[in-house]
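Read through the structure below, which is laid out as C-alpha cells, and then see the notes.
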Amino acid sequence: MSKHAKAYGQMAVNTRVSTTDPHGLIEMLFDAIDEQLAIALGALDAGDAERRGQAIRKAVLLLQDGLRGGLDLEKGGELAQRLDALYEYSAARLVEAHTRRDRAAMQEVREHLRTVADGWKAIRPQ
C-alpha cells in the first residue's frame, strides 16, 4: 500500500471516529477486532507468522484498551463483570492461539466476540 493510500485510509478512520457516537465506537471496535482475526486466520493459512502476530497483537490491544478499557465495572454491574472476564479470556486465548498456531482457538474467540457484537448492534439506540 502506498504512503498516500495509508494516509488517506488513516484520515478516513479518524474522521469516522470523531463523528461517531459512543455506541458506534464500540461497533467499530468489534468490527476492527473481527477484521484483525480474519487477517490472522489468513496469515495462519499462508504460513505468515509475522503477519499473524501483528494481527493478533492488534486484536489483543483493541480488546484490552478498547473494549475492556471502556467498561464501567462499578456502574455496569454483573454484565460488565462478565464482559470483562470474556474480553480478558479472549485476549489470553488469542495469545495462546498464536503461539500454538491454533486455528480452532482463534475461531472460538471470533465466534464469542461476534455473538456479543451482534447483541450490541441489536440494542443500538434510535
Kindly compute the distance separating CG (Leu71) from CG (Leu79), expressed to the nearest 0.5 Å. 8.5 Å

Begin with the C-alpha distance, continue with both residues' side-chain angles, and end with the deciding distance and a verdict on side-chain contact (heavy atoms from CB on, under 4.5 Å) for Leu94 and Leu63. CA-CA 10 Å; Leu94 287 175; Leu63 273 164; 3.9 Å; yes

Shared hydrophobic cluster for Leu61 and Leu25 (ILVMFWY, side-chain gaps under 4.5 Å): no

With Asp34 via salt bridge (Lys or Arg N to Asp or Glu O under 4.0 Å) - residues at least two apart: Arg110, Arg114

Before you tell me yes or no, could you show the steps for Leu67 and Leu83 under side-chain contact (heavy atoms from CB on, under 4.5 Å), namely the whole-Å CA-CA distance, both residues' side-chain angles and the distance that decides it to 0.1 Å? CA-CA 9 Å; Leu67 293 177; Leu83 288 171; over 6 Å; no

Sequence-distant partners of Glu96, salt bridge (Lys or Arg N to Asp or Glu O under 4.0 Å), two or more places apart: Arg93, Arg100

Stepwise side-chain contact (heavy atoms from CB on, under 4.5 Å) check, Leu37 with Ile33: CA-CA 6 Å; Leu37 293 179; Ile33 293 167; 4.1 Å; yes

Excluding sequence neighbours, so at least two apart, what forms side-chain contact (heavy atoms from CB on, under 4.5 Å) with Ala40? Arg52, Ala55, Ile56, Met106

Which residues pass the salt bridge (Lys or Arg N to Asp or Glu O under 4.0 Å) test with Asp45, sequence neighbours left out? Arg103

Derivation and outcome, side-chain contact (heavy atoms from CB on, under 4.5 Å), residues Gln54 and Gln36: CA-CA 9 Å; Gln54 289 172 348; Gln36 291 306 313; over 6 Å; no

Pairs satisfying side-chain hydrogen bond (donor to acceptor under 3.5 Å, both in side chains), at least one member in residues 56-67, at least two apart: Gln64-Arg68

For the atom pair CD1 (Ile26) and NZ (Lys121), what is the distance rounded to the nearest 0.5 Å? 12.0 Å

Using the salt bridge (Lys or Arg N to Asp or Glu O under 4.0 Å) criterion, which residues pair with Glu78? Sequence neighbours excluded. Arg82

Side-chain heavy atoms under 4.5 angstrom apart, residues restricted to Ile, Leu, Val, Met, Phe, Trp, Tyr: same cluster for Tyr87 and Leu73? yes

May I ask you to check whether over 12 heavy atoms, not counting those of Glu111, lie within 6.0 Å of atom CD? yes

In terms of hydrophobic clustering (I, L, V, M, F, W, Y; side-chain heavy atoms under 4.5 Å; direct or indirect links), are Ile39 and Val109 co-clustered? no

Would you call Phe30 and Asp118 a side-chain contact if the rule is heavy atoms closer than 4.5 Å? no

Polar side-chain atom of Trp120 near backbone of Gly24 as donor-acceptor pair, under 3.5 Å: no

